[in-house]
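Notes to accompany the following structure.
Numbers here simply count residues along the sequence, with the first being 1. Computed from a prediction, not measured in an experiment: that's the story for all the values here.
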Amino acid sequence: MKSAYPKIFEPITIKRTTIKNRIAMTPMGTNYGETSGEMSNRHMNYYSLRAKGGVGLIILENANIEYPVGSNGTSQIRIDHDSFMPRYYQLVENLHKNGATVAIQINHAGASASSARTGMETVSSSNIPTKAGGETPRPMTKEEIITTVKKYGEAAKRVQAIGFDAIEIHCGHSYLMSQFISPYYNKRTDEFGGSVENRLRFPRMVLEEVRKNVGPWFPIIVRISAEERVPGGNTLEDTLEYLEYLDEFVDMYDVSCGLNPSLQYQIDSNFLPDGWRSYMARAVKDKFKKPVINAGNYRDPKVVEKVLESGDVDIVGMGRGLIAEPNWVKKVENGEEDLLRKCISCNVGCAGNRIGVNRPIRCTVNPAVPEGDVYKALKVNKNCNVVVVGAGTAGMEAACTAAEVGCNVFVLEKNDHIGGLSTFISDLPSKSRMKDFPKYLEARAARLKNLYIFLNTEATVDKIKQFKPDIIVNSTGSVPLVPPIKGLKENIDAGNVNTIFGMINNVNAGKYPEEACQGKKVVAFLSIQPDNFFRRQTAVRIGGMGMEISFIPFFSELICYHRFFCSPFLFASIRAPTPGASSCDSRLNTFHALIVV
């Protein structure tokens, strides 16, 4: 309830702009824009849903100030021409009606652009790619730098004229400003490289031009990577030094972290706790006495309240958390914390879609990111019985959706709990957030009087017929992929070799006592790809038990590992290896266990 979280719902004023609460939607690319650079209707609905959900400050995703050279993403929005202003005006007007304060991030991608998309050579401070395997950019000339400074000023003038309440300049995350600020990228020897003052010359010129165009009372937010977390990059101490060259133009800092090579800290990985970056924001706030926004895996309102109360952070930023749950603020305000559909930090539908395969963002736990729950306005017009087989997350989502449109829903689950693989996998190290989704589904189902869950119930044909179903939903889940290798399935069935599920079960059942594990060696056979999720999680679990783990990629040495699986010493239990292995197996004879992941 609102009274339980007084700091979350406390207004804050920046210059002459008052934000109604302490929750900000941080800028995230969506690929929802039109190919022309305009905002689409889907785009506008996406932001409107978050404003209706109670967010205090919405910072629109990065808008390109210099097209095409500064473009980032397949359908990035643009603000480099007056023709884009009317659609922004329409959006801002709508968000204001719903009580949100609205800013926009303006940006130039620099070497993070792609020549395949822009048709132009990428530019940067130097000829250093922004990530391993990235394009080698061309260093900008002084004339180009001056042109880009003017482009920032022109874009800022449009931002203010449209009716935005503030503007954010992106100076982090391996975009152009970051490519000049960071010694990791900037290898110039002229007045724009070398010393801290020189590396900050271009960003300072940009902020000075922006301030000149928006005047003294328009809030300027600067987003930074406070810790770059790359060899030779800026540390927090370095950041506190270089911000001295920008601070006179800044009204609020948006304190982030990481560059492209340290993306797991920029787009927080699942192993990072709620609010883990708050110490960075505190350091910036203490030195410059300016309000700070801070994102960093915030999900839990108790953590949000605590960090605000501590004074480390003035506004808590949520990105993926608001993709997953657009009504986060209203649900907290109304005492519906159990109905929060919390982000599980999987980075699949959001970052994976946009960055990985150039698709519009989606969400693993929210099936209607831009549209919202429009289906709830629809109701069945005759009696409809739905039987759902399996109460995993897919089955429960289907069951709740069917019940919410008026169907009579019967869920049959053979286990004694709901959640399926999500509940099971959440036993892995750093996967505890996955427990949140089944908890949300359980709370959602509990509010539906026409939804009935039968635990410890096998879905036989006779059992299903009892409910006279009009629709049957088969959601019985999946099992680990096992390579088609002779003898493997038989060894798994006999308990001599474990899948990842078997390993987790054995560990949880205490079958691998710590004293028996010390110094043992385990080989994990990778059935899909060398650097997958289970590889990392298995390594953490095995390492924590005092064992050493090695990984073998399936596709690299198929024939050798075919023989490996037929060897008698390969057992997924702690025992001495069998002597006398063949020459092909000899290098594996030192391992004490085998699992397939």
For [X] and [Y], test the side chains for any donor-to-acceptor distance below 3.5 angstrom and give the result as yes or no.
X      : Y      : value
Thr476 : Asn474 : yes
Gln105 : Asn107 : no
Asn347 : Arg320 : yes
Asp165 : Thr101 : no
Thr30  : Glu61  : yes
His417 : Thr423 : no
Glu93  : Tyr88  : no
Asn358 : Thr74  : no

Gap between atom [atom2] of [Y] and atom [atom1] of [X] - 0.5 Å precision:
X      : Y      : atom1 : atom2 : answer
Ser422 : Lys435 : OG    : NZ    : 11.0 Å
Ile323 : Ile361 : CD1   : CD1   : 4.0 Å
Tyr298 : Asp268 : OH    : CG    : 10.0 Å

Student check: side-chain heavy atoms of [X] and [Y] closer than 4.5 Å:
X      : Y      : answer
Tyr5   : Lys302 : yes
Lys465 : Val461 : yes
Arg447 : Leu339 : yes
Val409 : Tyr452 : no

Given 3.5 Å as the limit, does a donor-acceptor pair link the side chain of [X] with the main chain of [Y], or not?
X      : Y      : answer
Arg433 : Asn270 : yes
Glu442 : Pro438 : no
Ser475 : Val389 : yes
Ser40  : Glu34  : no
Asn45  : Pro370 : yes
Asn31  : Arg359 : yes
Asn408 : Asn385 : no
Asn98  : Asn94  : yes
Arg117 : Ala113 : no
Ser262 : Gly258 : no

(request) Look at atom NZ of Lys449 and say whether more than 12 heavy atoms of other residues, nucleotides or ligands are closer to it than 6.0 Å. (result) no
(request) Answer yes or no: does atom OH of Tyr89 have more than 12 heavy-atom neighbours from other residues, nucleotides or ligands under 6.0 Å? (result) no
Ion pair check, [X] and [Y], cut-off under 4.0 Å:
X      : Y      : value
Lys7   : Glu10  : yes
Asp373 : Lys376 : yes
Lys331 : Glu325 : yes
Lys306 : Asp274 : no
Lys330 : Glu336 : no
Asp338 : Arg444 : no

(message) Please verify the inter-ring angle class for Trp276 with Tyr265; under 30° counts as parallel, over 60° as perpendicular, anything in between as tilted.
(response) tilted
(request) Could you label the plane-to-plane angle of the His43 and Tyr46 rings as parallel, tilted or perpendicular, counting under 30° as parallel and over 60° as perpendicular? (result)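 Answer is tilted, since the angle falls between 30° and 60°.
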(request) Measure centre to centre between the rings of Phe454 and Phe467, then say whether the value is under 6.0 Å. (result)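 Ring-ring flag for Phe454/Phe467: true, centres closer than 6.0 Å.
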(message) Holding to side chain to side chain donor-acceptor pair (under 3.5 Å), I want the full list of residues that pass it with Ser345, two or more places apart in sequence or in another chain.
(response)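 By the side chain to side chain donor-acceptor pair (under 3.5 Å) rule, Ser345 matches Asn297, Arg299.
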